[in-house]
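Treat the numbers as computed from the prediction; the structure is a model and nothing was measured. Each chain gets a letter, A, B and so on, in the order the sequences are listed, and its residues count up from 1.
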Amino acid sequence: MEVAHEVACGMGGIRTAGDLVLRMQLSKGMKINEAKKYVADKLGVQPIDLSDCAVMREIREDLDLGRPMPPDKVAKGMEAKIRIAKALDIKINSVERFMRMSGLK
Amino acid sequence: MTKFFTRMGDGSGVYMSSDDIRWDIEEGTKDAADRGKIPELTKEEMDHLYEIITMPGIVVGVDRGNEIVTTSDSGGCKITYHANIPIDRGTAVLIHEKVLGADSLDIGHIDYSYKAVKSVLHDEAAVMELTQLNSVMPVLYGSMPNLGIYTKPDGPVENWSELLPMGKIDEARAAQEEAVELAVKDMVYVAGGMYEAGADGMNIDTCGASGDADVLAALKAIEIIKEKYPDLGIEMGMAGEFILGMHGQLEYDGVRLAGLYPHKQVKLAEKAGANIFGCVVNTNSNMSLAWNLARTVTFVKACTEAAEIPVHVNVGMGVCAIPMSEMPSVDAVSRVDKALVEIGKADGL
């Protein structure tokens, strides 16, 4: 059923900018349009581009924000999240923990 | 006369005439308006809903630019425990992220109750820690307040479901009040462990499954969690469309909980500090998709209009017009989604 929901109305997670928009809802309580605008402004695109996987693939590649099928030598997992925290100017709990536990902060 | 293929609330197929579909839409919105004391859908909204229900094609979708995001409840359990695929929950998160296009996922213990998680928190925390290293999307930890399992013989509190039929109202109320305090303690304890493990948020899910005391426990826990860990996101998901008055006299912020519908529930979730509210409307399996969807969208629209936080509409089997079926059809699911987003103005699912 998850596939049906995604096809009918989903942003598509890391295929686009769905994960980034969700981060703003979860951390700041932003409604959908406000969250999209925040992310779009930070990435320098229009809100409508955030659901376009052709546009977002290039942006995620340029900023190295994590992709569904990442080749070698690109950010994955925590590496991508550290970049997302910077790109969106937010604190991500797991990033903070990683910095703390690895002695980087 | 042309008839359209559509669904009943139990998922079975049915052919209905244009007049019958329009009649059900009108009756569905009237039912919601009457119960919730909220406005009915407008003529334009009912026309739009009729268009959605009668659209040709198996799958329909929202207009470009109207896409929304998704959270889950027991998301990490779906392809592991429920589908019996022998993988761990961390792998399930990566499959949802990289294959299924999810925007987030919650990991939960198979019991999906905070009371049960308490004793295995150290192991659950390790799963969260390792999952966070590999995942890019937000990962939450989810469970239910599930007040019922605090009762004897499984728990320490007298069983109000046994006391109530015996007419022991005061004792039943006292037992629920005692369970609230125990559940709050457990939810705050687990949230603390998950915060330390790097979770992006907590999903306090299926609130109200044991009635108004269950909701009170969730609200009180959220308040404490947000005070202790302001950065930790909280999603509060409901169990049903109105709060059952198993206690009947419990209040939060001066508002009696029993009998509240989604547009009033969300205001209390906001007050407690929730970041996302998961509203629920019950599906009536004897009525048509048109009736259920009109009714659901009426409640959801009132809820999103009242809300200052994002509303993620619960769209699992048997809620918010999704047919009560183990495998709801894509034609029904996609029509529900389109209506919830375009008419109900949902911020997510």
Which atoms of Leu26(A) approach chain B - backbone, side chain, both or neither, heavy atom under 4.5 Å:
both
Answer key: most heavy-atom pairs under 4.5 Å with chain A among Val62(B), Ile68(B), Val60(B), Val59(B) is Ile68(B)
Within a 6.0 Å radius of atom CD on Glu58(A), are there more than 12 heavy atoms belonging to other residues, nucleotides or ligands?
no
Using non-hydrogen atoms and a 4.5 Å limit, figure out which bit of Ile276(B) sits close to chain A: side chain, backbone, both or neither.
side chain
What are the residues of residues 4-12 of chain A, in order of number, with any heavy atom under 4.5 angstrom from a heavy atom of chain B?
Ala4(A), His5(A), Glu6(A), Val7(A), Ala8(A), Cys9(A), Gly10(A), Met11(A), Gly12(A)
As a quick check of understanding, evaluate side chain to side chain donor-acceptor pair (under 3.5 Å) for Ser334(B) and Asp337(B), giving each step before the final call.
CA-CA 5 Å; Ser334(B) 62; Asp337(B) 290 352; over 6 Å; no
Close side-chain approach of Val297(B) to Leu340(B), heavy-atom, < 4.5 Å:
yes
Toward chain A, the part of Tyr195(B) with a non-hydrogen atom under 4.5 Å
both
Taking the side chain as every heavy atom from C-beta outward, state whether Leu105(B) and Glu97(B) have any atom pair closer than 4.5 Å.
no
Correct closest heavy-atom pair for Ile222(B) and Ala272(B) would be CG2-O, 3.6 Å
Below 4.5 Å, heavy-atom pairs only: which of Arg15(A), Gln25(A), Met78(A) has the largest tally toward chain B?
Gln25(A)
Below 4.5 Å, heavy-atom pairs only: which of Arg100(A), Lys36(A), Lys91(A), Glu79(A) has the largest tally toward chain B?
Lys36(A)
Arg67(A): partners by salt bridge (Lys or Arg N to Asp or Glu O under 4.0 Å), with sequence neighbours left out
none
Of the non-hydrogen atoms in Met238(B) and Met236(B), which two are nearest, and what is the gap between them?
SD-CE, 3.9 Å
Would you mind checking if Glu96(A) and Lys105(A) are paired as a salt bridge, meaning a charged N to carboxylate O distance below 4.0 Å?
yes
Heavy-atom pair count under 4.5 Å with chain A, highest-scoring of Ser72(B), Ala274(B), Ala307(B), Gly75(B):
Ala307(B)
Against chain A, work out which of Val99(B), Leu100(B), Val330(B) has the most heavy-atom pairs shorter than 4.5 Å and name it.
Leu100(B)
Among all residues two or more places apart in sequence or in another chain, which pass the salt bridge (Lys or Arg N to Asp or Glu O under 4.0 Å) test with Asp63(B)?
Lys338(B)
Which portion of Leu50(A) sits near chain B, non-hydrogen atoms under 4.5 angstrom
neither
Counting only non-hydrogen atoms closer than 4.5 Å, does Arg83(A) touch chain B with its backbone (N, CA, C, O), its side chain (CB onward), both, or neither?
neither
Using a cut-off of under 4.5 Å for heavy-atom pairs, which of Glu235(B), Glu196(B), Glu129(B) has the most such pairs with chain A?
Glu129(B)
Side chain to side chain, Phe277(B) and Cys303(B), heavy atoms closer than 4.5 Å:
yes
Can you say whether Arg335(B) sits under 4.5 Å from chain A via the side chain, the backbone, both, or neither, judging by heavy atoms?
neither
Could you tell me if the side chain of Lys81(A) sits less than 4.5 Å from the side chain of Ser135(B), heavy atoms only?
yes
Shortest non-hydrogen contact between Gly76(B) and Ala92(B), atoms and distance
O-CB, 4.0 Å
Of the backbone (N, CA, C, O) and the side chain (C-beta and beyond), which part of Leu140(B) lies under 4.5 Å from a heavy atom of chain A, both, or neither?
side chain
Donor-acceptor pairs under 3.5 Å, side chain of residues 314-326 of chain B to any protein atom, not counting sequence neighbours: which ones?
unit_1	atom_1	unit_2	atom_2	d
Ser325(B)	OG	Met327(B)	N	3.2
Ser325(B)	OG	Met327(B)	O	3.4

Return the option, out of Pro138(B), Gly233(B), Ala197(B), with the maximum number of heavy-atom pairs under 4.5 Å with chain A.
Pro138(B)
Specify which of Asp52(A), Val3(A), Asn93(A), Asp19(A) makes the most heavy-atom pairs with chain B at under 4.5 Å.
Asn93(A)
Decide if atom CG of Leu104(A) counts as having more than 12 heavy atoms of other residues, nucleotides or ligands within a radius under 6.0 Å.
yes
Check each atom of Asp200(B) against the heavy atoms of chain A and say whether the ones under 4.5 Å are side chain, backbone, both or neither.
both
Among the options Gly61(B), Pro310(B), Ala346(B), pick out the one with the most heavy-atom pairs lying under 4.5 Å from chain A.
Pro310(B)
